[in-house]
Amino acid sequence: MLGRFIARRLLYMVILLVAMSVVSFIIIQLPPGDYMESYIARLQAEGMQIDDSAIAALRKRYGLDQPPHIQFLTWAGRLLKGDMGRSFQYNRPVAELVFERVPMTVLVTLASLLVTYLIAVPIGIYSATHQYSLGDFVATAIGFVGIAMPNFLFALILMWALYKWFGLGIGGLFSQGMETAPWNWAKVVDLVKHLPAPLIVISVSGAAGLIRVLRGTLLDELGKQYVQSARAVGLPESRLLFKYPVRIAITPLISSIGWMLPSLVSGSTVVSIVLSLPTVGPLLFSSLTQQDMYLAGGIVMFLTFMTVVGVLLSDILLALVDPRIRFE
Amino acid sequence: MTDREELREIEAEEGVRVEDERVYYATQTQLVLRRFKRHKLAVLGLAMLLVGYTLAAFSPFWSPYDKIERAGNIYVPPQRIHFRDENGWTAPYVYGLRQTTDPETWEQVTEPDTDARYRVKFFVKGSEYKLLGLFKSNIHLFGSEDGQMRVFLLGTDDLGRDVFSRILQAASISMSIGLVGVFLSFVLGTLLGGISGYYGGKTDVIIQRVIEFLTSIPTIPLWMALSAAVPAHWDPIKVYFAITLILSLQGWCGLARVVRGKLLELREADYVIAARIAGTNDFAIITRHLLPGFTSYLIVNITLAIPGMILGETSLSFLGLGLRPPIVSWGVLLYQAQNVRTVALHPWLMVPALAVILTVLAFNFVGDGLRDAADPYANVA
């Protein structure tokens, strides 16, 4: 049963991937003019002379003289072989540029997912068990502001505060000179020192939403009769709380990865740009401002792929944990 | 025995409180209003929104200058309005401005000149504007008495434009883009969700898959990619609508799900079957009989979708990918705050963010209150 479930989800993912490639192709094609025009403009700006026959040869080589659907098929065919086109901004293959930044992107995303839960779960439980207390009020207020404040702004304010009072720049994930250093213990320590600020910034808005969900579900659970009878039997409050209602209230958190992950990836993109983290976010930004569309399409494709895989993994996890899911 | 007397009797027997009597007679609207009013934050949010939209609608009147008017020196810090002088209370006045050079950094700094005082006057004549695009006027709520000296409540920016006036005049763009975007999402969401839920079967499967696909694309990267493709030579109105369209591309998905779920639940109801037998066509059944059944859910959903769009526009414009000058929105204003050094030296350039936060908060409060109020029977009676 579980095998069939996974097989079905995998098949579904293949369809998603095809749809994704169509979207990426559209993104690449959207800006006025084609790849060749910007390429030629660039070469000319560098003082190179290109005659019309050379241009025609280049167009033919890249298949730009073909109708769009043929162009898409050639592009998709190359994609299957891992060739995502060439970035003329960096004059390097797109795949190389993207994969360079994959480890940090995945690390930042996963770590901020973890931080989201680390912030949300304790505060959510506290809010629900101490309803209408000062702590609950403060948590609710912070939660509301967390939802209302765009996280790039939070990043900006944090940077401003650190700059103003400590004279620090918190851009990047490494100290100066460390980015290019080979991996060693000192570099890991440096990374760990730099991670907390961006992670908190990225996690805050997701955590704010989650606190409200958790508080609501937990309050519902706490009002149920089994809680009362457990109390009547004399179960200690903390054991009662963590053994039953909290466990039930936490289940939606696992299934929430499905909507958390896209918004997390989305939010971290802007934060990465503001804090210039070595993830794909700033790369996407620079590719878009430079109209380096193969790179932009490749990054959108990668981000969506990462999200879909993440959601798939969480679905399988959920199916393992909760057998009811498989029969839906 | 009248209804009322009967009710009194029941009350006496069952020990129901007398004040609850009103609940039995109240119409749906009254019940919703009653519950909404109990949600203090929601009422506050509604008040904030009313104030906000009033400020936005008549922004040229409230603001002393035009949004593109280079009214003073660059980077003038916010000016305080003084109500007291050596002799106690007095008519409001501001100090004049003096430009000096910082002896250490050699930077040009504008400082208040305590020797020169200028009265702040109300209903002064200034630059001409058209109120609501209809009425020509040149009366501004406040300004300074001397045409040369100016009052800058929130300082000026890199071109000497008044930040306070710009925030007010940007409000109409920032606060309307959410509404227009939500309207588009609403049309798409109810239409596609309605078709999906009402017909079911293959159509439903296809629409559901499309929704799942769209929601799995991370929003901001997609928005960034699409808005970067908006041609630079388009005129402001076209750009505005293109960005709105991009913002609502995924926005309809959530609404479509709600509509579909509700329709699946309601389509087998007796009154729908009755309508079908009576020969009502499908479109009329969906719009006339089914949608009104859960209008309240739709309204809640819409209210909670608006802040997301406002934040989306702000993020995009902040990056320089969304709206761009000459359109002035809060995001466009924040574009200047991208550089940390600029922000550290001129923190007042971040004030537009406060407007964003307040608006989004207000919408969230109202949405929260509406969600509670949408189900008026939940805890009452």
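Chain identifiers are assigned alphabetically (A, B, ...) following the order of the sequence lines, protein sequences preceding nucleic acid strands; residue numbering begins at 1 within each chain. Every heavy atom of this structure was used, including side-chain atoms; hydrogens, water molecules and symmetry mates were not.
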Worksheet entry | Side chain / backbone / both / neither for B:Thr215 at chain A, heavy atoms under 4.5 Å | backbone
Discussion item. Contact between A:Val274 and B:Phe318 at the side-chain level, heavy atoms closer than 4.5 Å - yes or no?
Written reply: yes
Discussion item. Could you check whether any side-chain heavy atom of A:Ile273 comes within less than 4.5 Å of a side-chain heavy atom of B:Met224, counting everything from C-beta outward?
Written reply: yes
Fill in: Any B:Pro218 side-chain heavy atom under 4.5 Å of A:Thr269 side chain
no
Practice prompt. Indicate yes or no: at least one non-hydrogen side-chain atom of B:Leu222 is less than 4.5 angstrom from one of A:Ile27.
Written response: yes
Practice prompt. For the residue pair B:Phe213 and A:Ile15, establish whether any side-chain heavy-atom pair is separated by less than 4.5 Å.
Written response: no
Worksheet entry | Contact class of B:Pro307 relative to chain A, heavy atoms under 4.5 angstrom | neither
Worksheet item: Contact part of B:Ile310 toward chain A, heavy-atom cut-off under 4.5 Å: side chain, backbone, both or neither?
Response: neither
Quiz: residues 351-367 of chain B side-chain donor-acceptor pairs under 3.5 angstrom, not counting sequence neighbours:
{"residue": "B:Thr359", "atom": "OG1", "partner": "B:Ala355", "partner atom": "O", "Å": "2.7"}
{"residue": "B:Asn364", "atom": "ND2", "partner": "B:Val360", "partner atom": "O", "Å": "3.3"}

Discussion item. Taking side chain as everything from C-beta outward and backbone as N, CA, C, O, which of these in A:Ala19 sits under 4.5 Å from a heavy atom of chain B? Side chain, backbone, both or neither.
Written reply: both
Item to complete: Flag the pair A:Leu288 / B:Leu321 as yes when at least one side-chain heavy-atom distance between them is below 4.5 Å, and no otherwise.
Response: yes
Worksheet item: Given that the side chain runs from C-beta out, which part of A:Leu303 has a heavy atom under 4.5 Å from chain B: side chain, backbone, both or neither?
Response: both
